[in-house]
Amino acid sequence: MSVRVRFAPSPTGALHIGGARTALFNWLFARHMKGKFILRIEDTDRTRSTIDAVRTILHGMEWLGLDWDEGPQVDGPFGPYFQTERLELYRQYAEQLTKEDKAYYCFCSPETLAEKRKQAEARKEAPRYDASCRKLSSAEIIRNQSAASPMVIRFKMPAGARTEVADLIRGKVEFDNDLLDDFIIIKSDGFPTYNFAAVVDDHLMEITHVIRGDDHLSNTPRQIVLYQALGWLLPCFAHIPMILGPDKARLSKRHGAASVVEYRDLGYLPEAVLNYIAKLGWGHKDQEIFSRAELIELFRLEGVGKTPAVFDVEKLKWLNGHYIRSALPERIVDLCEPLLIEAYGDHDVEHISRVVKLFLDRLKLIPEIVPLTAYFFKDDFEFEEKAVTKYLKAPQAPQILSALRDHLAKVEPFKKEEIEKVFKALAEELKVKLGVVIHPCRAAVSGRTETPPMYDVLEVLGREKVLVRLSKALGTRPA
RNA sequence: GGCCCCAUCGUCUAGGGGUUAGGACAUCAGCUUUUCAAGCUGACGACCGGGGUUCGAAUCCCCGUGGGGCUACCA
């Protein structure tokens, strides 16, 4: 039997890092096993679900390249893939359970429930539903129903038994049913609750492996008793560890970027994010860098750890730098171009391309290109304090700058190889180290103490700008 | 409160009875050089605590402690 897994987000917000990682593990498992990856939207919370959130989740998946075989925009034989379009199914199975006396109507108001819960807590008891509606006679039920009292359907938790979860990552985990109460399966608005809808859909969609966050482990016994009550076979369960913020609390918006797509805007490459989140809780030997194909080939559930992982932006940045360096330069140019145009106005694309390529080695994040390159795009760039005091005001600076200006005015062609000869000849003539002639030049043309290699910078800047800047540093007009 | 999960450098992790406890990010230093990066080399740096089991525990068991989750008409 072929593997079928699903990612089932609830559209109450964007696709965040934790969700993306769950989606990725499911996707990798499906691709590795040559099975199917299903995307199902769990939108049964009518007050919090939005179609906007559905859109951003889909965008996040697409940006990471996690394609689904069945789901929104794709469809498939087990649809629909939005839970709100499957209401009839849930209603039908809830009714079956009611008829078989495995579930019952409950008319307790939320207020009564809240009150009882409060009292239980005051008595330091577990705040469980007291099952008072379990004993309602059919006459009472009919009376309540015709009185149109709000009602829910609760599952009759089988007492006196233990439920065992055979988890692929954690092994056997046991729960005592008596500690679980008669939870609601159909809400008063007619919508199913998570535990019920997930079970019905996972069964109907023939899901073989449920790979999801650790936060669902405690929900699993509730789902298992539901499978048993409905007479269905269990899927395999695999609960993956959570992702934490630096304070060890569950990762959330207050730890920074909430949405995966925000990382794109911050200047991350999707392959860097993918590689990073894959390594959060999973690994293969000492390997750090994984291509998409390697991930698919090497991923297996046995490689997933049990320990929650703290999200480390520094390591993500390092990976991003790595992927920027190994990407096709033109691709990085394309990513930088709009930012540079926004900051410095229109410029020749060829010029932009040459500039960006000088900085490939020192970029960790795409937007860093902007502050790094001001002197290539405008003439009124800032001068660093140190560039002025240490290099431009050095005693021998005027002599060096003016000699450079004279030679660079004549050098032909104005290419780095020829420019290099000028510098070397001058250093030799003055009997000084190369750096002594380069430093003041760097300060004069860029206002900085650090730039890409000098000859490249000069070539890209062009003779005209270079001569003007050298003259300006000398306090004179171009010769 | 009850139940459940988890516990190796600051962070991600390898290691599942005998290891100099390995790798990566970060940090620091050196090399290279024309500055900054990149790259290379090196340094620093960890088995949560206590009891067992054992000739021998990071590793197995128990108890603490700490963190996280569930306990909703949220998923």
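Just so we're clear, the structure is a prediction, and the values are computed from it rather than from any experiment.
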Any chance CD of A:Q396 has more than 12 other-residue heavy atoms, nucleotides or ligands included, within less than 6.0 Å?
yes
Checking B:C73, B:U34, B:C25 against the side chain of A:E314 (C-beta onward), the nearest is B:C25
Pair A:R292 + A:E271: basic N to acidic O under 4.0 Å
no
If you apply the rule salt bridge (Lys or Arg N to Asp or Glu O under 4.0 Å), what do you find for A:R128 with A:D182, and how did you get there?
CA-CA 8 Å; A:R128 302 173 47 224; A:D182 290 349; over 6 Å; no
So, OP1 or OP2 of B:U11: does either fall under 4.0 Å of a side-chain N or O from A:K248?
yes
From the options A:D43, A:T44, A:D45, select the one residue that forms a side chain to side chain donor-acceptor pair (under 3.5 Å) with A:T84.
A:D43
Using atom types as modelled, flag every donor-acceptor pair under 3.5 Å from a side chain in residues 447-455 of chain A to any protein atom, sequence neighbours excluded.
unit_1: A:R448; atom_1: NH2; unit_2: A:P371; atom_2: O; d: 2.6
unit_1: A:T449; atom_1: OG1; unit_2: A:E384; atom_2: OE1; d: 3.2
unit_1: A:T451; atom_1: OG1; unit_2: A:R442; atom_2: NE; d: 2.9

Would you check if there is a donor-acceptor pair between the side chains of A:D214 and A:H239 at a distance under 3.5 Å?
no
Heavy-atom pair with the smallest gap, counting every atom of A:L266 and A:L365
O-CG, 3.5 Å
For B:G16, measure the glycosidic angle (O4'-C1'-N9-C4 for a purine, O4'-C1'-N1-C2 for a pyrimidine) and name it syn if it falls within 90° of 0, otherwise anti.
syn
In Watson-Crick or G-U wobble terms, both distances under 3.5 Å, what is the partner of B:C3?
B:G69
Does A:D176 or A:A249 map to a spot on RNA chain B nearer the 5' end, using the closest nucleotide for each?
A:D176
Between A:H203 and A:Y93, is any side-chain donor less than 3.5 angstrom from a side-chain acceptor?
no
Tell me, for nucleotides 41-46 of chain B in 5' to 3' order, what letter each nucleotide earns: B for a base near a protein heavy atom under 4.0 Å, S for only sugar-phosphate near one, - for neither?
------
Is the shortest heavy-atom distance from the side chain of A:K156 to the side chain of A:Y104 under 4.5 Å?
yes
Quick one: look up who B:C48 pairs with, Watson-Crick or G-U, both distances under 3.5 Å, and put none if it's unpaired.
B:G64
Base, sugar-phosphate, or nothing for A:V310, non-hydrogen atoms under 4.0 angstrom?
sugar-phosphate
Side chains of A:D201 and A:Y90: do they bring a donor and an acceptor to under 3.5 Å?
yes
For the side chain of A:E42, starting at C-beta, report the closest nucleotide among B:C12, B:A75, B:C3.
B:A75
Enumerate the residues from residues 439-454 of chain A whose closest heavy atom to RNA chain B is under 4.0 Å, giving them by residue number; use none for an empty result.
A:H439, A:R442, A:T449, A:E450, A:T451, A:P452, A:P453, A:M454
Show each protein N/O and nucleotides 70-72 of chain B N/O combination with a separation under 3.5 Å, one pair to a line.
unit_1: B:C70; atom_1: O2'; unit_2: A:R222; atom_2: NH2; d: 3.1
unit_1: B:A72; atom_1: OP2; unit_2: A:P127; atom_2: O; d: 3.1

Report which part of the nucleic acid A:Y455 touches: base, sugar-phosphate, or nothing (heavy-atom distance under 4.0 Å, all strands).
base
Proximity to RNA chain B (any heavy atom under 4.0 Å), residues of residues 44-52 of chain A only
A:T44, A:D45, A:R48
Base-pairing mate for B:U41 - Watson-Crick or G-U, with both contacts under 3.5 Å:
B:A29
Can you confirm whether more than 12 heavy atoms, excluding those of A:K102, are under 6.0 Å from its NZ atom?
yes
So, do A:F381 and A:F376 have ring centers that fall under 6.0 Å from each other?
no
I want to verify a distance call: between B:A75, B:C12, B:G23, whose nearest atom is closest to the A:S10 side chain?
B:A75
Using purine N1 to pyrimidine N3 plus N6-O4 or O6-N4 for Watson-Crick, or N1-O2 and O6-N3 for G-U wobble, each under 3.5 Å, what pairs with B:U20?
none
With a non-hydrogen cut-off below 4.0 angstrom, is A:G281 in contact with a base, only sugar-phosphate, or nothing?
sugar-phosphate
Please tabulate the protein-to-nucleotide N/O contacts below 3.5 Å involving nucleotides 5-9 of chain B, giving atom names and distances.
unit_1: B:C5; atom_1: O2'; unit_2: A:R170; atom_2: NH1; d: 2.6

From A:K465, A:R354, A:K357, residue fulfilling salt bridge (Lys or Arg N to Asp or Glu O under 4.0 Å) relative to A:E459:
A:R354
